[in-house]
Amino acid sequence: KTVLEKILRRRSLQLRDQQQAWQESPEGRKMLEFRMRLPAYKEKDALLTAIARNQVVIISGETGCGKTTQIPQFILESEIEYVHGAVCNIICTQPRRISAMSVSERVASERGEKLGEHVGYKVRLEGMKGRDTRLLFCTTGILLRRLLVDRNLKGVTHVIVDEIHERGMNEDFLLIVLKDLLPRRPELRLILMSATLDAELFSSYFGGAQIIHIPGFTYPVQTHFLENIVEMTGYRLTPYNQIDDYGQEKMWKMSKHAPRKRKSQIASVVEDALRAADFKEYSPQTRESLSCWNPDCIGFNLIEFLLCKICENERPGAILVFMTGWDDISSLKDKLQAHPFLGDPSRVLLLACHGSMASSEQRLIFDEPDDGVRKLVLATNIAETSITINDVVFVIDCGKAKETSYDALNNTPCLLPSWISKVSAQQRRGRAGRVRPGECYHLYPRCVYDAFAEYQLPEILRTPLQSLCLQIKSLKLGSISEFLSRALQSPELLAVQNAIEYLKIIGALDENENLTVLGRYLTMLPMEPKLGKMLILGVIFNCLDPVLTIVAGLSVRDPFLTPFDKKDLAEAAKSQFSRDYSDHFALVRAYEGWKDAERDIAGYEYCWRNFLSVQSMKAIDSLRKEFFSLLKDTGLVDGNTTSYNAWSHDEHLVRAVICNGLYPGICSVVHNEKSFSLKTMEDGQVLLYSSMLGNLKFHIRG
Ligand code: ADP
Ligand code: MG
């Protein structure tokens with residue numbers, strides 16, 4: 001043991017010397033000076049003392065104060081410095097892949113090291129870590145997977161859970177597991193970090209854990225809502241200048257397994273707020289313009305108009321535009337690139353910031369542009385709390401973010417744009433005041449902001465729990481309902497029971513709530529059980545190719561577009577694909593047509609002609625690859641398979657696979673001369689009855 005201790009001590013001293021040498025080099029000194037200016041640095045000693053004295057510490061602090069990049073480093077440095085010989089092993093979880101990757105890269109470069117040496121990262125299907133890695137950034141999912149094989153997190157000294165204010169399902173789940181683990185591992189340290197001040201909830205969950213707040217400072221931000229923008233600029237909103245991909249009507253199906261939060265409820269709050277507003281203090285032109293506002297559109301034209309205004313009249317400073325996702329960021333980017341001023345790279349540095357950007361693109365976001373060039377970043381809500389762009393002075397906020405919601409017809413989760421919460425809107429606004437007083441333009445009226453929820457509901461309370469239940473079972477955590485009753489905020493018992501019953505019906509759990517073989521395979525596929533089951537059946541019945549397309553298509557936004565002013569043409573285009581009234585096959589045909597066209601470099605034209613979203617097609621393409629490699633990981637598909645050609649396209653077979661996958665969420669249509677009705681397959685319940693055969697245009701998926 002003493003020999004080992006000696007080796008470790010020598011290694012620690014080596015590391016310390018290496019760090020000292022780096023900090024004395026010109027680059028290292030510059031980096032250290034930057035770090036020392038961050039608010040978190042001033043709290044270093046207080047933080048380390050608290051962590052040494054308490055098993056659980058909660059740290060809150062304004063976005064950009066240095067939580068993510070500094071605190072894990074403080075711990076690492078102090079372990080090396082003071083605890084000679086101790087081998088620390090710090091795990092810091094991030095809700096997103098992109099932050100785990102970019103933060104680890106940043107921390108390694110702050111320490112003058114190569115990534116993968118002492119600082120590394122691990123996300124699904126990718127990672128950079130070595131034998132000496134002592135600080136590992138990973139996604140929450142990776143840590144949960146590790147717990148599957150290593151219940152006690154052997155050898156781990158610190159677990160840092162970052163961005164807990166986001167209240168994702170995985171993070172809430174992880175907290176229950178960690179809370180159970182703490183008494184078994186008294187020397188393990190748990191540090192929770194949050195960008196907002198609601199730390200009390202977490203503190204009381206961990207029996208009154210100590211809270212440390214890192215004080216921050218922001219300059220005042222002048223706020224403009226839509227009515228102010230319209231009044232100030234005289235911009236005229238019309239139905240024709242607010243067109244983008246949104247506003248597609250969806251039908252909500254009532255069913256026991258349907259989502260608990262219905263889209264219509266949120267939309268109706270906004271509509272009510274708008275109806276009640278009179279905008280009396282504004283000019284008639286402004287009132288008229290506001291009456292044409294379409295809440296379902298982000299309004300690319302208005303954004304372009306505002307950007308021009310800012311570039312023409314306002315003082316220097318970067319502009320940050322909050323959009324909902326990669327698809328509308330890239331549409332807007334295309335639009336702006338065609339603009340004579342905004343698209344001119346000698347005047348505007350146009351950048352995107354979203355979950356799937358390349359790391360070379362990421363670095364540009366932090367760089368200062370050349371003199372006379374204005375930085376313009378189109379970002380998703382990733383720039384709200386995970387990534388801080390330092391020189392932002394102007395913020396444009398579309399008021400929406402993608403959250404897991406449910407495609408009404410399929411009842412499958414997909415990321416759909418919905419209104420953000422007040423806290424998010426404030427966070428977005430705050431991004432404008434980091435370096436000097438700033439301005440924020442909200443592209444919605446004040447009354448709509450007032451109608452926003454205070455906080456976003458935690459994911460565990462708003463989404464179905466089926467996947468979570470499977471995960472609880474695969475981690476052997478005992479009774480599902482007992483386990484979930486110990487969550488930070490427990491879901492309703494009924495929701496839990498429905499999820500368990502659903503899993504029994506589809507055959508993932510047996511009568512005694514134990515995982516079946518199917519259930520075990522489903523836990524290896526990180527997606528809704530019904531989609532996972534479709535894939536598994538696709539393999540078994542040798543028709544994986546079309547099934548992959550369908551499952552990928554159900555996980556992205558509907559690729560069939562219905563532009564506001566070309567509804568008829570769009571529907572006609574779609575009906576060519578759905579000649580057998582099947583949306584699922586329409587998807588397969590549309591995708592396969594696109595794939596052929598893409599081979600002749602005519603993918604764009606094909607989409608344009610057929611009212612298809614290019615982004616959705618590309619997303620389907622990459623999801624197909626991802627799902628295929630997942631299936632290889634499970635061992636269901638031979639790891640050497642590279643082509644999809646051998647799979648059958650028999651439509652009857654595929655139809656059966658779809659129906660089995662969607663069961664019990666399917667119903668049959670019963671119609672006679674005068675009426676028709678929809679009956680569930682499960683128990684024959686009538687869901688819908690109509691005697692107006694002629695008036696109702698009916699659309700049935702699958
Ligand atoms: P927090 O987690 O508290 O929001 P971070 O630790 O992420 O803050 O960031 C602290 C500071 O480091 C911010 O000012 C941010 O702009 C800067 N920073 C973070 N990542 C990078 C990077 N990759 N390149 C340059 N600066 C960065
Ligand atoms: Mg952070």
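Since the structure is predicted, the reported quantities are computational estimates derived from the model, not experimental observations. Atoms within each ligand, like the ligands themselves, are counted from 1 in listed order.
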Legend entry - ring pair (Phe, Tyr, Trp, His ring centres under 6.0 Å) partners of residues 18-49, not counting sequence neighbours, each pair once: Tyr41-Phe74
Legend entry - Residues in salt bridge (charged side-chain N to carboxylate O under 4.0 Å, His left out) contact with Glu187, at least two apart in sequence or another chain: Arg185
Inset, instruction - Keeping the roles fixed (side chain from Ser203, backbone from Ala199), state whether a donor-acceptor pair exists under 3.5 Å. - result: no
Inset, instruction - Verify, without hydrogens or angle tests, whether Asn54 (side chain) and Ala50 (backbone) share a donor-acceptor contact under 3.5 angstrom. - result: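 Checking the backbone N and O of Ala50 against the side chain of Asn54, a donor-acceptor pair under 3.5 Å is found.
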Inset, instruction - Please work out which of the three classes, parallel, tilted or perpendicular, describes the rings of Tyr444 and His442, given edges at 30° and 60°. - result: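 Answer is tilted, since the angle falls between 30° and 60°.
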Inset, instruction - Taking the side chain as every heavy atom from C-beta outward, state whether Cys398 and Thr324 have any atom pair closer than 4.5 Å. - result: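 Of all side-chain heavy-atom pairs linking Thr324 with Cys398, at least one is under 4.5 Å.
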Legend entry - Check: Met323 and Ile298 side chains under 4.5 Å, non-hydrogen atoms: yes
Inset, instruction - Taking atom CD of Glu27 as the centre, report whether more than 12 heavy atoms of other residues, nucleotides or ligands fall under 6.0 Å from it. - result: no
Inset, instruction - Verify whether one side chain among Gln14 and Arg11 offers a donor that lies under 3.5 Å from an acceptor in the other. - result: yes
Inset, instruction - Enumerate the protein N/O/S atoms at a distance below 2.8 Å from the Mg ion (ligand 2), ignoring waters. - result: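 The answer, once waters are left aside, is Thr68 OG1.
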Inset, instruction - Could you please provide the protein residues found below 4.0 Å of ligand 1 on a heavy-atom basis, arranged by chain and number? - result: Phe34, Leu38, Glu62, Thr63, Gly64, Cys65, Gly66, Lys67, Thr68, Thr69, Arg106, Phe366, Thr385, Thr388, Asn390, Arg434
